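Everything numeric in this text was worked out from a predicted model, so none of it was measured.
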Amino acid sequence: GKGLEDGTLHRFSQVLEEELPMARIAVLSGPSHAEEVARRVPTLVTVSAKDLSAARQVQLALSQAHFRIYLNEDLVGVDKWSHHKTIEYY
């Protein structure tokens with residue numbers, strides 16, 4: 001299925017955790033379109049992570065007046081049911 005690794009059915013964040021065990025993985029989920037964000041169209045997205053401090057770092061680093069990022073504690077839901085843009089913090 002979309003967002004799951006073939007064969008294992010692991011979510012994308014799980015695959016990254018296995019491959020990069022020291023990384024702090026955060027999942028940023030839209031809906032958003034890069035061209036709209038670049039044009040400063042108001043956009044709301046969600047960020048989640050096992051370690052919410054990693055999600056907060058993403059929120060602080062990327063939030064703008066026109067690009068709001070809301071924290072969500074449901075990593076599985078955000079990761080599994082969304083289109084994702086994954087950010088890794090080492």
Practice task
Share the residues that join Y70 in a hydrophobic cluster, the rule being Ile, Leu, Val, Met, Phe, Trp or Tyr side chains under 4.5 Å apart at the heavy-atom level.
Solution key: L44
Completion exercise
Rounded to the nearest 0.5 Å, the CG atom of L9 sits from the CD atom of Q14 at a distance of 10.0 Å
Practice task
Output, in order, the C-alpha distance, side-chain angles, deciding distance and verdict of side chain to side chain contact (heavy atoms under 4.5 Å, CB included) for F12 and D79.
Solution key: CA-CA 7 Å; F12 190 52; D79 194 9; 4.1 Å; yes
Practice task
Sequence neighbours left out, what passes side chain to side chain donor-acceptor pair (under 3.5 Å) with E17? Give chain and number order.
Solution key: K50
Completion exercise
For D74, the salt bridge (charged side-chain N to carboxylate O under 4.0 Å, His left out) test, sequence neighbours excluded, returns none
Problem - Intermediate values then yes/no, side chain to side chain contact (heavy atoms under 4.5 Å, CB included), L71 and Q59 - result: CA-CA 8 Å; L71 293 177; Q59 182 185 42; 3.7 Å; yes
Handout entry: Set of residues satisfying side-chain contact (heavy atoms from CB on, under 4.5 Å) with respect to T46, sequence neighbours excluded
Key = N72, V78
Handout entry: Heavy-atom check, side chain of R24 versus side chain of S53, under 4.5 Å
Key = yes
Exercise for the section: Assess whether side chain to side chain contact (heavy atoms under 4.5 Å, CB included) is satisfied between I69 and L28, documenting all intermediate values. Expected result: CA-CA 8 Å; I69 302 172; L28 183 68; 4.0 Å; yes
Exercise for the section: Tell me, please, which residues at least two apart from E18 pass side-chain contact (heavy atoms from CB on, under 4.5 Å). Expected result: H10
Problem - Over 12 non-hydrogen atoms of neighbours within 6.0 angstrom of CD in E35 - result: yes
Completion exercise
Apart from V41 itself, its cluster of hydrophobic side chains linked below 4.5 Å comprises none
Handout entry: Same apolar cluster (I L V M F W Y, side chains within < 4.5 Å links), V15/I25
Key = no
Problem - Counterpart residues, side chain to side chain donor-acceptor pair (under 3.5 Å), relative to H66 (two or more places apart) - result: R40
Problem - Atom pair OG/CG of S13 and L20 - distance to nearest 0.5 Å - result: 12.0 Å
Problem - For L52, all residues meeting side-chain contact (heavy atoms from CB on, under 4.5 Å), sequence neighbours excluded - result: A55, R56, E73
Practice task
Apply the test side chain to side chain contact (heavy atoms under 4.5 Å, CB included) to residues V45 and V47: give CA-CA distance (whole Å), side-chain angles for both, the deciding distance (0.1 Å), then the verdict.
Solution key: CA-CA 7 Å; V45 296; V47 66; over 6 Å; no
